[in-house]
Amino acid sequence: MTDLTAFRSFSTRLTTRMSAAHLPLLIGGVIFGLIVLAAALGPFLTPYGPEDTSLMERFKGPSLAHPFGTDSFGRDILSRVLHGGHVSLGIGLAVITISAGLGIAIGATAGYFPRLDNPIMRVMDAGEAFPTLLMAIALAAVLGPGITNVILALGVAYAPRTARIVRASILVLSQQQFVEAARASGAGPLRIIGLHLLPNAMAPVVVQMTFIFADAVLAEAALSFIGVGPPPPAPTWGNIIADGRTYLYSASWITLFPGLAIFLTVLSLNLMGDGLRDLLDPRLKKVT
Amino acid sequence: MSRYILKRLLSAIPVLLLVSIAAFVLIQLVPGDAAAIIAGPDASNDEVEFVRRQLGLDRPWPLRLQDWIFGLAQGDLGYSYILNRPVTEAILERLPVTLSLAGLSIIFATVLGVALGVLAAVFHRSWIDALAMTVALFGVSVPNFWFGLIAILIFAVGLGWFPPGGYVSPTESFTGWLSAMALPALTLGTASMGQISRFSRSVMLEQLGQDYVRTARAKGLGQGNVIGRHALKNAMIPILTVIGISFSLTMAGAIIVESVFSLNGLGRLMLHGIQRRDYPVLQGGMLVIAFSFVIINLLVDILYSWLDPRVRYD
């Protein structure tokens, strides 16, 4: 009986701890999953195309026919928000792929080769002296508006952040015995980095990728809003808000719904990042 | 102390130099003929050639880089053909608006952020903790330009508490300035508030678990003294770093928030620079923001060594 009580109390404690760590991950994952699903199924969820105009339907408030209302061209805001999700999430995914690729290559080189560490990290310092958003705005402004340029600008702007984290992990891991053993068995630097160091350094990188995804969605929307993102009429969330700004007082729904979509996406990614961090690498808790 | 400050000042020089080179390289990335773009689509061949010569684009890049660095050392950020005036002059005219916006938003973010972080840590795993962290999560997740528009809709148009935009100089009317800057500062500071409170919570939690806190409590010190005079004082050192980083983020965020609230600051100047392809203005603005980041970090480091003398001997 006593054993059973002790087991029950142990299992309750374990469940509480597990759910405390997993709750943000679960909530974030469910919201993000729903957003991805809605963006993917967008064309099947509404009868209107994102760029279908109807002069008879201009500035209609939210109704059953148009749950998010319509804009100055009579375009259905729900269709545009769903299609915008497609674009924004695609950009976010491409940005984390580029920043992870660049950041891992730069960080691993700096962390593994002590002679290259100082020059590489000083360049990263200079890169980080430009706030990411500013760097992205400047790059996008110089390269010209367009989805590819936004992806490139954000991917490059977020690379130093990943590089720093990879470098820190590689520096610590390089001192471990298993690396010493690999070196003694004749493994070259590429093999040691690729097969031994990077797989062990990935946990903080995965956590960081989630936060960069969230930041990239915010930054892309901001770039679109100020006119250096993908050019209109591409229905990105930032573009729809910029369109709606002119009619903020008379048709606030044009601005409201795409903003809510950005907010929910970023919120879900931040929750997932928090949960993943607690699960994979609690030491990072302080850094983010 | 002075030796430490000197060491930190010297270490900032290579970063400032690299930042200057980065700003120079950025403009070299402009695809196509930069002189033709800057001169505008209606410019004649002679005008394009004139701009090319004036900007030194007909000279090899090492010489241009040298001119740029020497110019910078004398406070010369180049010349804007669109504004028809020196870039330094245009930036200096707009800088007070941006600095006052960034300053106010950082004050808001720091006061509210640290307070929420401390409350969350002290009442760890209670509803206060959950509420404080929900506010913080909202701060880091909400797009600031959208939040600004919604704030205008509610507080300026709906309730009429604040003006929807525009700038009033504090020398003209202090209350007018405060009222004009309230919504922009709130909008710009929300993300930093979220970051500062999330970070403050974890640092405070770490400090509250330390032995010296237990000793202070065992001596019979009250909760206020233990938190305010012991734990928070030690926690403030790492929190300062985040505040320093937040300052530069707000300077960059100003580009967007100034546009939402029609404030004629550095951000709006840069935005117009982007729209009109006025690259010297964009380059100068970027450099000023990056320099301010380096200088703020330097000040934070110096403040560190004052708060915790051990840093000086590291």
Side-chain angles (χ1 to χ4, degrees), chain A residues 20 24 122-145 149 211 214-215 217-219 221-228 237-238 241-242 244-245 248-249 252 255-256 258-260 262-271 274 285-288, chain B residues 14-23 26-31 125 137-138 140-147 149-150 152-153 157 191 194-195 198-199 202-203 205-206 238 245 248-253 255-256 259-260 270-271 273-275 277 279 282-283 285-286 289-291 293-294 297:
Chain A
R122 291 302 74 79
V123 174
M124 293 294 109
D125 277 350
E128 281 186 305
F130 296 101
T132 325
L133 183 64
L134 179 70
M135 177 75 116
I137 288 175
L139 279 172
V142 165
L143 297 173
N149 290 344
F211 289 121
D215 279 3
V217 170
L218 273 181
L223 292 184
S224 298
F225 180 73
I226 60 170
V228 289
W237 288 335
I241 296 177
R245 189 183 168 184
L248 181 66
Y249 306 146
S252 53
T255 308
L256 185 71
L260 277 177
I262 303 173
F263 172 62
L264 281 177
T265 308
V266 178
L267 180 85
S268 65
L269 283 164
N270 278 331
L271 279 170
D274 284 351
K285 213 166 186 170
K286 235 171 70 177
V287 184
T288 35
Chain B
V15 179
L16 288 176
L17 197 66
L18 276 171
V19 164
S20 312
I21 295 172
L26 184 85
I27 301 304
Q28 314 307 312
L29 292 176
V30 176
R125 290 193 180 144
L137 193 62
F138 171 85
V140 292
S141 304
V142 72
N144 60 10
F145 57 95
W146 177 74
F147 184 57
L149 291 173
I150 300 298
I152 290 176
L153 202 60
V157 180
Q195 273 174 349
R198 276 154 70 97
F199 190 75
S202 65
V203 179
L205 276 176
E206 198 180 299
I245 294 170
S248 79
L249 294 181
T250 52
M251 288 286 282
I255 299 180
I256 290 145
S259 143
V260 172
M270 286 173 72
L271 196 58
I274 291 169
Q275 284 156 356
R277 298 197 154 204
Y279 293 117
L282 177 64
Q283 192 180 28
M286 280 192 66
I289 294 179
F291 268 39
F293 178 73
V294 176
N297 271 339

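Chain naming here is simple, since letters A, B, ... match the order of the sequence lines and numbering starts at 1 in each.
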Original post:
Atom CZ of Phe211(A) and atom CG of Leu269(A): how far apart are they, to the nearest 0.5 Å?
Top reply: 9.5 Å
Original post:
To the nearest 0.5 Å, how far apart are CG in Leu282(B) and CD1 in Ile274(B)?
Top reply: 5.0 Å
For [X], which atoms come within 4.5 Å of any heavy atom of chain A: side chain, backbone, both, or neither?
X: Met251(B); answer: neither
X: Leu149(B); answer: both
X: Tyr279(B); answer: side chain
X: Val294(B); answer: side chain
X: Ile152(B); answer: side chain

**OP:** Start with the C-alpha gap between Ile245(B) and Gln195(B), add the side-chain angles, then the distance that decides, and say whether side chain to side chain contact (heavy atoms under 4.5 Å, CB included) holds.
**Re:** CA-CA 10 Å; Ile245(B) 294 170; Gln195(B) 273 174 349; 5.7 Å; no
Which region of [X], side chain (C-beta onward) or backbone (N, CA, C, O), has a non-hydrogen atom less than 4.5 Å from a non-hydrogen atom of chain B, or is it both or neither?
X: Ala221(A); value: both
X: Leu256(A); value: both
X: Phe225(A); value: side chain
X: Leu260(A); value: both

Original post:
Can you find a heavy atom in the side chain of Thr265(A) that is under 4.5 Å from one in the side chain of Trp237(A)?
Top reply: yes
Subject >> Within-4.5 Å side-chain heavy-atom neighbours: Thr132(A) and Asp215(A) >> reply: no
Original post:
Angle class for the Phe138(B)/Phe147(B) ring planes (parallel below 30°, perpendicular above 60°, tilted otherwise)?
Top reply: perpendicular
Subject >> Nearest atoms (heavy-atom pairs only) where Leu18(B) meets Arg122(A) >> reply: CD1-O, 3.5 Å
Subject >> Contact leader toward chain B among Leu248(A), Ile262(A), Leu133(A), where contacts are heavy-atom pairs under 4.5 Å >> reply: Leu248(A)
